[in-house]
Each structure stands twice: as C-alpha cells, then as structure tokens.
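A quick write-up on the structure given underneath.
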Amino acid sequence: MTLPLVIGLVAATVVLSPLLVRVMDRKAGYPLAVLLFAAAAVLGSKFSAVSRGADLVWSKEWARDVMGSGTSAEFSLRADGLGIFFALLALVIGGVVFVYSAAYLPKKDGNTSFYTIMTAFTLSVLLLVLANDAVLLFIAWELVSIASFLLIARSGSSGEAGSYRTLILTFFGGLTLLAGLAVAAVQTGTTSIEGILASDVWGDNGVTVVVALLIAFSAFTKAAQFPFHFWLPEAMAAATPVSAFLHAAAVVKAGVYLLLRFSTIFHDVAAWNYLLVVTGLFTALMSALFAITKTDLKHLTAYSTVSHLGWIVAAIGVGTPIALAAALTHTLAHALFKSSLFMLIGVVDHEAGTRDMRRLGPIYNKMPFTFFSTIIAAASMAAVPPLFGFVSKESILDAFHETQHGALLLTVAGIAAFLTFVYSAKIVFGAFIDGPRDLPDVHEAPVALWLPPPCRA
C-alpha cells in the first residue's frame with residue numbers, strides 16, 4: 001500500500017490547500033510542504049528494496065473492452081528506480097519551493113489559486129512518473145500541460161500570450177504521444193508500460209522507428225528542445241516559485257523522464273540516437289548563445305535551462321549505460337542548482353525591486369548570504385570543481401568521448417561548456433557586482449527567503 005499512501009498524501013495537499021490558505025494565507029506553504037516531505041520519506045524508505053529489484057506495484061482495473069478482446073486499461077502504478085528518482089525530485093523540490101513560497105508570496109487572496117494549482121501540478125507529475133499504463137501516462141501528461149498553462153496564465157496579461165503558446169505546443173506533444181502509445185499498444189497487445197517495454201516486437205523495423213520518433217517529438221515539446229524551445233523563456237511571466245518548480249522538477253523533467261523510460265527499447269535505434277544527439281547539442285549551443293545576450297536574470301536562467309536540457313537529451317541519445325547514468329546524474333544536478341538560482345533571483349527581485357541587470361548595482365555587501373549562495377549555485381551550473389555540476393558535466397563528456405564521433409561531439413560540447421561559464425559569471429556579476437545604480441535601501445532578505453535556495457545548491 002506504499003504507492004496509494006504516497007498518492008494519497010499528495011492528493012491531500014490539493015484538497016486541503018484552499019482551507020489552509022483561508023486560515024494561514026501564504027504560510028499555508030509550510031503544512032503543504034510537510035505533506036510533500038512525508039510522501040517523499042515514505043517513498044524514499046523503499047528505495048533500497050527497489051534498488052535490489054523489488055519494484056513497488058499497485059493497480060486497479062478501470063476500463064475493459066466489452067467486445068471480448070480481453071484488453072483493459074488499469075489505474076496502474078509502478079515505482080522502479082527511475083520512477084522513484086523522478087518522484088523524489090518532484091516531492092522534495094516541490095516541498096522546498098512551498099517553504100520558499102510561504103515567505104515570498106504577497107499576502108493576498110490569489111494565493112488560493114497558486115497553492116491549489118501547484119499541488120495539483122505536483123500530483124500530476126507524480127502520476128506521470130509512476131504510471132504503469134499507457135492510458136494513465138497520457139492522462140497525467142495532459143494534466144501536467146494544463147497545470148503549467150494555468151500557473152503561467154494566472155500571472156495576468158504579461159503571461160497570457162505565453163500561456164496559450166505553451167498550451168498549444170504541449171498539447172501538440174500530447175497528440176504525438178497519444179499516437180505513439182496507441183501504435184505501441186496495438187503492436188504489443190497491451191497498454192501496460194512494463195509490458196510494452198518488455199515486448200519482443202521492437203527491433204530494426206519501420207514500426208519501431210515511427211514510435212521512437214513520435215515519443216521523441218513528444219518529449220521535445222516538454223523538454224524545450226529546438227524547435228519547441230521558445231515556450232520556456234515565455235513561461236518566465238509566472239511567479240518565481242512557479243519558475244523554480246517548472247524548470248527544476250516538473251514540466252521539463254517530464255520530457256526527460258519520457259526519453260529515459262523509452263530508451264530501454266530505442267537506445268540502439270539509429271534514428272533515435274542521431275535525432276536526440278543532434279537536437280540536444282544544437283539546443284545546448286544555441287540556447288547558451290541566447291543566454292549570454294539577456295539582461296533579465298530570469299530570462300537568462302530560462303535559456304540556461306534549455307541549454308542544460310540539451311546536454312541531457314544528447315546524453316540520452318548516446319544510449320550507452322554510461323551515457324544514461326550521466327543523463328540521470330546531470331538531471332539531478334540541474335534540478336538542484338537551477339531551483340536554487342531561480343529562488344535566489346526571486347530574492348534579488350524581492351529586495352531590489354527588479355531583476356534587470358541594467359537597473360541593479362553593487363549589492364554583494366548588502367546581501368552577503370544571497371550573494372554567496374548565488375556564487376555556489378552558478379559555479380555548480382558552470383561545472384566548477386568539486387561541485388556536483390562538475391561531476392555531472394564531466395560524466396556526460398566522458399560518455400561523448402566513448403562514441404564513434406567523440407571528437408566532434410566534444411568540440412561542440414566544449415564550446416557550449418565555455419558559454420555556460422560565461423553566462424554563469426554574468427549572473428553573479430550582473431546581479432551583485434556590476435551596474436550603474438546605487439541601491440541604498442537594499443538589504444539582506446529574511447532567513448525564510450534566502451535559506452531554502454542554498455539547501456538545493
């Protein structure tokens with residue numbers, strides 16, 4: 001009953017959030033975070049058993065073909081190592097974001113919609129990464145799209161256009177996912193994800209290539225890969241806690257999860273390999289170039305997210321066990337330093353009244369704790385040793401080196417890595433050291449604001 005308990009705890013946050021906000025206003029984030037941490041603790045306690053091959057499973061039939069074919073759809077959950085990894089990512093970072101939100105959000109009635117949609121968002125991501133049925137996977141995928149649309153749209157007129165483009169694009173990805181899952185279910189005779197992945201129908205044939213391309217395009221829409229990258233920077237109209245969760249553990253990681261889940265059957269399909277490697281490295285390089293031109297700290301960090309997702313997608317495309325392990329490692333490192341950076345940028349915006357580097361000035365001595373935390377997070381993003389970001393980036397470079405075209409991949413990756421260092425340094429200098437303005441009223445934020453981000457770095 002572990003999985004129903006975990007789902008139940010997160011579902012409780014959705015149900016309780018309106019009542020808690022009515023009683024506690026923005027501080028409702030604290031009890032909601034406790035529930036998410038409790039769900040993470042329950043799931044994490046089973047990780048050692050799962051690592052030994054004892055996957056957690058639970059299912060209940062909810063639809064059956066009455067024509068006698070025997071085909072059924074089930075509300076089926078399965079927590080293997082990959083599922084638990086992404087579930088813990090969503091639960092832990094979601095909990096930290098809620099703690100941060102309790103101090104960051106203004107005191108107003110709109111906090112009800114924020115917490116309700118955010119908790120529903122978390123539940124949708126959890127269902128997605130634990131789904132063991134194609135129907136449930138598709139439903140959760142679409143719920144993630146709807147929740148992200150609502151969170152961006154609630155920012156008002158500034159987020160209206162971006163939210164609609166995000167919705168249209170991710171729903172296009174939903175259609176390609178539906179088509180891919182439908183073909184897979186027909187070919188294998190089951191809607192079970194475990195059954196689909198274990199089937200012997202996959203190999204060097206046209207159907208395998210078609211399904212691989214459909215799954216890849218679906219994942220690209222969520223993981224913001226070229227040419228579907230534009231929605232992620234536009235999502236910056238949303239509140240900083242939304243950006244931190246969306247970029248670190250929610251929508252973009254849903255795309256990465258889908259690629260990793262289906263790499264089991266596509267890792268040696270040439271079309272899959274070339275598509276992911278070429279698209280990922282091009283996205284990493286292009287987005288890094290865009291990032292260094294930005295003066296808005298959130299926009300810069302958004303493009304850096306797109307770039308790092310390109311690194312991860314390219315590593316998945318390599319397909320070797322070392323490359324897939326490297327992709328998982330960098331997924332974790334990226335979630336930690338990127339959620340930290342977004343929350344720290346929110347602290348700067350909260351205290352200085354702007355996140356535009358052209359309107360900031362030297363504030364490093366006025367916000368020392370925020371400054372130091374930003375240095376650590378940015379250094380990890382720039383792969384400065386011995387930080388975790390260095391370990392994860394080096395593991396990807398090692399995976400590239402082992403490929404047939406290792407020299408070419410390393411050359412492109414080296415340029416992207418240099419640009420990563422440039423825009424990481426730009427964040428630190430642009431936010432705290434450079435700038436023409438004197439901001440005498442700026443001071444260090446309350447502990448409740450600057451403490452959660454370093455916990456992620």
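This chain uses plain numbering: 1 for the first residue, then up along the sequence. Bear in mind that the values here come from a model prediction, so they are computed numbers and not experimental data.
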Task: Inter-residue atom distance Trp141.CH2 - Ile139.CD1, 0.5 Å rounding - done: 14.5 Å
Open item on the list: Would Phe245 and Ser339 count as a side-chain contact (heavy atoms from CB on, under 4.5 Å) here? Give the steps.
Closed with: CA-CA 7 Å; Phe245 188 57; Ser339 60; over 6 Å; no
Task: CG-CZ distance between Leu178 and Phe138, expressed to the nearest 0.5 angstrom - done: 4.5 Å
Task: Under 3.5 Å: donor-acceptor pair, side chain of Gln225, backbone of Ala223 - done: yes
Task: Leu5 and Leu43, any side-chain heavy atoms less than 4.5 Å apart - done: no
- [ ] Determine the minimum heavy-atom distance between Thr190 and Gly195, stating which atoms define it.
- [x] CG2-C, 4.0 Å
Open item on the list: Quick check: do Val210 and Val183 have side-chain heavy atoms less than 4.5 Å from each other?
Closed with: no
Task: Taking every non-hydrogen atom, the tightest pair across Leu276 and Gly317 - done: CB-CA, 3.5 Å
- [ ] Provide the closest heavy-atom pair for Leu88 versus Gly44 in the form atom of the first, atom of the second, distance.
- [x] CD2-N, 4.0 Å
- [ ] Keeping the roles fixed (side chain from Thr320, backbone from Ala323), state whether a donor-acceptor pair exists under 3.5 Å.
- [x] yes
Open item on the list: As an exercise, state the distance from CG of Leu260 to CG of Leu328, rounded to the nearest 0.5 Å.
Closed with: 5.0 Å
Open item on the list: So for atom CZ, which belongs to Phe172, do other residues, nucleotides or ligands contribute more than 12 heavy atoms lying within a distance under 6.0 Å?
Closed with: no
Task: N/O donor-acceptor pair under 3.5 Å between Ser307 side chain and Ala284 backbone - done: yes
Task: Whether Ser373 side chain and Thr370 backbone form a donor-acceptor pair below 3.5 Å - done: no
- [ ] Identify the two heavy atoms, one from Met381 and one from Ser304, that lie closest to each other, and give their separation to 0.1 Å.
- [x] SD-OG, 3.7 Å
Open item on the list: Treating Tyr104 as the side-chain partner and Pro241 as the backbone partner, does any N or O pair qualify as donor plus acceptor under 3.5 Å?
Closed with: no
- [ ] Could you walk me through whether Leu419 and Leu289 pass side-chain contact (heavy atoms from CB on, under 4.5 Å), step by step?
- [x] CA-CA 7 Å; Leu419 294 175; Leu289 284 169; 3.7 Å; yes
Open item on the list: Parallel, tilted or perpendicular: which one describes the rings of Phe75 and Trp58, with boundaries at 30° and 60°?
Closed with: perpendicular
Open item on the list: Taking the side chain as everything from C-beta on, heavy atoms only, tell me whether Phe98 gets closer than 4.5 Å to Thr13.
Closed with: no
TODO: Output yes when Asp80 and Arg261 qualify as a salt bridge under the 4.0 Å nitrogen-oxygen rule, no when they do not.
DONE: yes
Task: N/O donor-acceptor pair under 3.5 Å between Ser287 side chain and Thr283 backbone - done: yes
TODO: Hey, could you give me each pair passing salt bridge (charged side-chain N to carboxylate O under 4.0 Å, His left out) that has a residue in residues 277-296? Not counting sequence neighbours.
DONE: Asp296-Arg355
TODO: Could you tell me whether the side chain of Thr374 and the main chain of Val428 form a donor-acceptor pair under 3.5 Å?
DONE: no
TODO: Determine the interplanar angle of the Trp311 and His330 rings, folded into 0 to 90°, and report it as parallel if under 30°, tilted if 30 to 60°, perpendicular if over 60°.
DONE: tilted
Task: Parallel, tilted or perpendicular: ring planes of Phe217 versus Phe220, cut at 30 and 60 degrees - done: perpendicular
Open item on the list: If we ignore hydrogens and angles and just use 3.5 Å, is the side chain of Thr293 paired with the main-chain N or O of Phe290 as donor and acceptor?
Closed with: yes
Task: With Leu36, the side-chain contact (heavy atoms from CB on, under 4.5 Å) member among Leu9, Thr119, Val97, Leu91 - done: Leu91
TODO: Nearest 0.5 Å please: distance from the CG atom of Leu137 over to the CG atom of Asn132.
DONE: 10.0 Å
Task: Trace of the side-chain contact (heavy atoms from CB on, under 4.5 Å) decision for Phe86 with Leu126 - done: CA-CA 8 Å; Phe86 280 92; Leu126 197 63; over 6 Å; no
Open item on the list: Is it true that Thr329 and Ser395 share a donor-acceptor pair across their side chains at a distance under 3.5 Å?
Closed with: no
Open item on the list: Within the structure provided, determine whether Val209 and Leu213 are in side-chain contact (heavy-atom separation under 4.5 Å).
Closed with: yes
- [ ] Check whether any side-chain heavy atom of Ile146 lies under 4.5 Å from a side-chain heavy atom of Phe171, and answer yes or no.
- [x] yes
Open item on the list: Tell me the closest heavy-atom pair linking Met118 and Val242, and the distance in Å.
Closed with: SD-CG2, 4.2 Å
Open item on the list: Any side-chain to backbone donor/acceptor pair from Asn273 onto His267? Under 3.5 Å, distance only.
Closed with: yes
Task: Side-chain heavy atoms of His401 within contact of Leu410, under 4.5 Å - done: yes
Task: Separation between CG of Leu32 and OG1 of Thr122, rounded to the nearest 0.5 Å - done: 9.5 Å
Task: Main-chain N/O of Gly203 paired to Thr208 side chain as donor or acceptor, under 3.5 Å - done: yes
Open item on the list: Suppose we screen for ring-ring contact (aromatic ring centres under 6.0 Å, His included). Which residues come up paired with Phe262, at least two apart in sequence or across chains?
Closed with: none
TODO: Consider only side-chain N and O atoms of Ser145 and Lys222, and report whether a donor and an acceptor are under 3.5 Å apart.
DONE: yes
Open item on the list: Taking the ring of His308 and the ring of Tyr303, is the distance between their centroids below 6.0 Å?
Closed with: no
Task: Heavy-atom side-chain proximity of Ile427 to Thr301 below 4.5 angstrom - done: yes
TODO: Kindly determine whether Leu181 and Val135 satisfy side-chain contact (heavy atoms from CB on, under 4.5 Å), including the steps that lead there.
DONE: CA-CA 8 Å; Leu181 292 175; Val135 177; over 6 Å; no
Open item on the list: Using 0.5 Å steps for rounding, measure from the CD1 atom of Ile433 to the CE atom of Met357.
Closed with: 12.5 Å
- [ ] Indicate yes or no: at least one non-hydrogen side-chain atom of Thr295 is less than 4.5 angstrom from one of Leu300.
- [x] no
Open item on the list: Looking at every non-hydrogen atom in both residues, tell me the closest pair between Ser218 and Thr176 and how far apart they are.
Closed with: OG-OG1, 2.5 Å
